[in-house]
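To start, the structure under review is shown below, and the notes come after it.
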Amino acid sequence: MYARILVHLDNSSASVRRMDEAVHLAARHKAALRFVYVVDGSKYACGACGMVSRDADLIPWMEKAGGQVLQQGRRRAGAAGVAAQTVLLTVQAAPVADIVMEQAQAWNADLLVTGARSGHLAPGQAPGKESPMPMLWPYPTHPGEAGVEPAKTCVAVAA
């Protein structure tokens, strides 16, 4: 059913759930798997003045953390017999949701696995647009995961 699964990862515990769900689906469908981590450098710009604050020094640390998350995904996929590609991007101006969707479309993904409450992508939509592909949001399974109450269902899918 799915041939190419793209997974948006971040540093949350919910991200690990997305990772595991995607690895399971990729193994079941013998699908190609790609993990994407986006560092949002725009959080460290000084508003309209265009100056970068000293917090911009955090960006290399965030990139290192992103690389570690991606390697964790690759290891988990490998343990399940699934080869996984990884992509680490740093952006300064574009919304993370737009970057993730562009990556999914450029790679011709037929399933995007992302966070349900991350504020990046809303169920059924990219920002201001209808989603051009099915999307999967694994929900938290215990209190406190991703800082939200547990959902009654484990997975939501939009086509």
Side-chain angles (χ1 to χ4, degrees), residues 1-2 4-29 31-44 55-92 94-105 107 109-127 131 133-159:
M1 182 173 173
Y2 300 115
R4 297 167 84 82
I5 301 171
L6 187 128
V7 188
H8 173 223
L9 299 178
D10 55 34
N11 287 329
S12 68
S13 59
S15 182
V16 175
R17 175 125 166 78
R18 291 193 297 269
M19 184 187 302
D20 290 342
E21 188 67 31
V23 167
H24 171 76
L25 285 171
R28 190 165 117 201
H29 294 279
L33 184 61
R34 180 176 282 185
F35 295 115
V36 174
Y37 188 102
V38 181
V39 175
D40 185 359
S42 68
K43 292 180 181 179
Y44 305 99
D55 290 340
D57 294 340
L58 293 175
I59 292 173
W61 291 95
M62 294 167 53
E63 290 169 338
K64 183 177 180 182
Q68 291 170 347
V69 170
L70 291 170
Q71 288 306 318
Q72 179 185 20
R74 187 178 283 194
R75 281 193 304 273
R76 286 177 182 247
V82 175
Q85 298 174 352
T86 61
V87 176
L88 175 65
L89 301 166
T90 301
V91 298
Q92 296 296 328
V96 170
D98 289 350
I99 299 300
V100 171
M101 189 58 70
E102 287 170 9
Q103 287 292 310
Q105 290 174 319
W107 192 56
D110 43 32
L111 178 66
L112 172 59
V113 182
T114 190
R117 298 177 194 253
S118 67
H120 296 304
L121 295 169
Q125 294 185 332
S131 174
M133 69 193 66
M135 296 172 71
L136 174 75
W137 300 271
Y139 283 103
T141 56
H142 57 79
E145 183 179 25
V148 297
E149 292 299 314
K152 292 187 180 179
T153 58
C154 292
V155 176
V157 178

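Computation of the quantities below employed the complete heavy-atom set of this structure, encompassing side-chain atoms and omitting hydrogens, waters and symmetry-equivalent molecules. All residue numbers refer to positions in the sequence shown, counting from 1.
Under the side chain to side chain contact (heavy atoms under 4.5 Å, CB included) criterion, Arg74 pairs with Gln71, Thr86, not counting sequence neighbours. Not a single side-chain hydrogen bond (donor to acceptor under 3.5 Å, both in side chains) links Arg4 to another residue, sequence neighbours left out.
Exactly one of Leu6, Leu70, Val113 qualifies for a side chain to side chain contact (heavy atoms under 4.5 Å, CB included) with Phe35. That residue is Leu70.
With a 4.5 Å cut-off on side-chain heavy atoms, Ile59 and Gln92 count as touching. Leu33 places none of its side-chain heavy atoms less than 4.5 Å from the side chain of Tyr2. At a threshold of 4.5 Å between non-hydrogen side-chain atoms, the residues Val69 and Met19 count as touching. Taking the side chain as every heavy atom from C-beta outward, Ile99 and Asp40 never approach each other to under 4.5 Å. At least one side-chain heavy atom of Asp10 sits less than 4.5 Å from a side-chain heavy atom of Arg18. Side-chain contact between Gln72 and Leu9 is absent, with no heavy atoms from C-beta onward closer than 4.5 Å. Side chains of Leu25 and Met1 form no contact here, defined as non-hydrogen atoms less than 4.5 Å apart. Looking only at side-chain heavy atoms (C-beta outward), Val96 and His8 come within less than 4.5 Å of each other.
Nearest heavy atoms, Ala80 versus Val23: CB-CG1, 3.5 Å. Taking both residues in full, the closest heavy atoms of Asn11 and Tyr37 are given as ND2-OH, 2.9 Å, listed atom of the first, atom of the second, then distance.
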Side chain to side chain contact (heavy atoms under 4.5 Å, CB included) evaluation trace for Val16 with Arg76 = CA-CA 10 Å; Val16 175; Arg76 286 177 182 247; 3.7 Å; yes
